[in-house]
Novice: 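First the structure, then my questions, so here it is.
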Amino acid sequence: MDEKLMKQIVEAVMQELMAQRSNASACTEGLDKLLVIGDLQAVPADMAEKYQIFLIDDYIQNKNIHRYQKILITSLTLVQMSDIAQGRDGSPEACAVINGLLNGLDVCMTEAAFPHRKYAGKSSSRLYEVIENNARMLQSFGIKLLKECKVGAAPIPTKPPKYQAPPVEVPKGTGHTTTDRLITEDVARSLIDGGNTAICLAANAIVTPSAWDLFKQKGIEVIRK
């Protein structure tokens with residue numbers, strides 16, 4: 001994903017989250033809050049459905065780790081990983097993880113979040129071992145490693161163009177289909193135009209709280225494929 005598109009997604013999510021905080025709704029108020037450290041696109045599909053997602057900017061603004069019930073690390077720099085391993089809050093990301101661990105929050109991490117493992121067998125064995133020791137230290141603190149997290153739909157027969165979402169099959173007459181990765185309130189409104197009673201989303205689609213509210217208010221059935 002190019003930098004411009006990623007920036008647009010992050011801005012849209014942050015706008016939706018700000019609106020949700022100022023006007024909490026019955027549709028999402030029962031969901032636990034998930035603080036994502038790193039790449040939003042790497043959030044597993046099951047977590048995207050079960051949690052309200054907050055990015056590091058929310059932690060920077062509120063400085064309150066107790067706002068969240070869970071922390072998910074999807075990417076770290078080598079410096080951030082070293083800081084956490086040594087207990088140094090040298091960055092907002094390291095500070096959030098350290099405070100989460102100290103306060104007993106459930107902290108988990110995707111395998112892809114370790115920035116050095118792609119160099120296994122290629123780099124200096126001594127340097128790699130030093131960095132790997134930091135990774136082991138994180139796990140010894142109680143950070144759970146999520147292996148082979150599914151962030152998308154099942155494989156499809158033909159290879160799609162780069163960054164294209166997998167196709168979604170919907171039985172005739174069920175409603176509207178979209179392969180959008182991010183469903184904001186504006187996108188939700190456009191989907192239900194025309195009297196649709198059901199919306200079919202990709203399994204890895206992230207739906208913002210206000211979009212969920214709109215679907216519930218209009219009695220729209222949301223189907224994930």
Novice: What residues, two or more places apart in sequence or in another chain, satisfy side chain to side chain contact (heavy atoms under 4.5 Å, CB included) together with E49?
Specialist: R224

Novice: Go through L145 and F114 one step at a time and tell me if the side chain to side chain contact (heavy atoms under 4.5 Å, CB included) criterion holds.
Specialist: CA-CA 10 Å; L145 185 61; F114 293 110; 3.6 Å; yes

Novice: For the pair Q217 and I192, evaluate side chain to side chain contact (heavy atoms under 4.5 Å, CB included) and give the outcome as yes or no after the intermediate values.
Specialist: CA-CA 11 Å; Q217 292 168 6; I192 63 178; over 6 Å; no

Novice: In Å, rounded to the nearest 0.5 Å, how long is the span from CG of L127 to NE2 of H116?
Specialist: 9.5 Å

Novice: For a quick check under 3.5 Å, do D58 and N62 share a side-chain donor-acceptor pair by atom type?
Specialist: yes

Novice: State, to 0.1 Å, how close L105 and Y68 come at their nearest heavy-atom pair, and which atoms those are.
Specialist: CD2-O, 3.4 Å

Novice: Please round to the nearest 0.5 Å and tell me the distance separating atom CD1 of I84 and atom CG of L76.
Specialist: 5.0 Å

Novice: Could you pull out all residues at least two apart from E221 that satisfy salt bridge (Lys or Arg N to Asp or Glu O under 4.0 Å)?
Specialist: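 None.
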
Novice: To the closest 0.5 Å, what do you measure between CD1 (I65) and CG (L102)?
Specialist: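 Output value for this atom pair is 10.0 Å.
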
Novice: Compare every heavy atom of A211 with every heavy atom of I183, then report the nearest pair and how far apart it is.
Specialist: O-CB, 3.5 Å

Novice: Closest heavy-atom contact between I206 and A48?
Specialist: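 Looks like CG1-CB, 4.2 Å.
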
Novice: Is there a donor-acceptor pair closer than 3.5 Å between any side-chain N or O of T74 and the backbone N or O of D39?
Specialist: yes

Novice: Please answer: with hydrophobic residues joined when any side-chain heavy atoms are less than 4.5 Å apart, are I56 and V79 in the same cluster?
Specialist: no

Novice: Just list the side-chain donor-acceptor pairs under 3.5 Å for residues 136-143, sequence neighbours left out, or say none.
Specialist:
residue, atom, partner, partner atom, Å
R136, NH1, E129, OE2, 3.0
R136, NH1, N133, OD1, 2.7
S140, OG, M137, O, 2.6

Novice: In Å, rounded to the nearest 0.5 Å, how long is the span from NZ of K33 to CG of L31?
Specialist: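 Output value for this atom pair is 9.0 Å.
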
Novice: Under the side chain to side chain contact (heavy atoms under 4.5 Å, CB included) criterion, do K70 and D32 qualify, and how do the steps go?
Specialist: CA-CA 8 Å; K70 191 182 189 77; D32 286 344; over 6 Å; no

Novice: How close do S75 and Q80 get, counting heavy atoms only, and between which atoms?
Specialist: O-OE1, 4.5 Å

Novice: Would you call Y59 and I37 a side-chain contact if the rule is heavy atoms closer than 4.5 Å?
Specialist: no

Novice: Which heavy atom in L72 sits nearest to a heavy atom in P44, and how many Å separate them?
Specialist: CD2-CD, 3.6 Å

Novice: Do you know the tightest heavy-atom contact between G90 and D83?
Specialist: CA-OD2, 3.8 Å

Novice: When you compare the side chain of V222 with that of L201, does any pair of heavy atoms fall below 4.5 Å?
Specialist: yes

Novice: For K50 and L34, what are the C-alpha separation, side-chain angles and deciding distance, and is it a side chain to side chain contact (heavy atoms under 4.5 Å, CB included)?
Specialist: CA-CA 9 Å; K50 296 177 182 177; L34 174 69; over 6 Å; no

Novice: Any link between V130 and L78 through a network of hydrophobic side chains (Ile, Leu, Val, Met, Phe, Trp, Tyr) touching at under 4.5 Å?
Specialist: no

Novice: Mind checking the CD1-SG spacing from I71 to C108? Nearest 0.5 Å is all I need.
Specialist: 9.0 Å

Novice: Let me confirm one number: the CD1-CG distance from I98 to N103, rounded to the nearest 0.5 Å.
Specialist: 12.0 Å

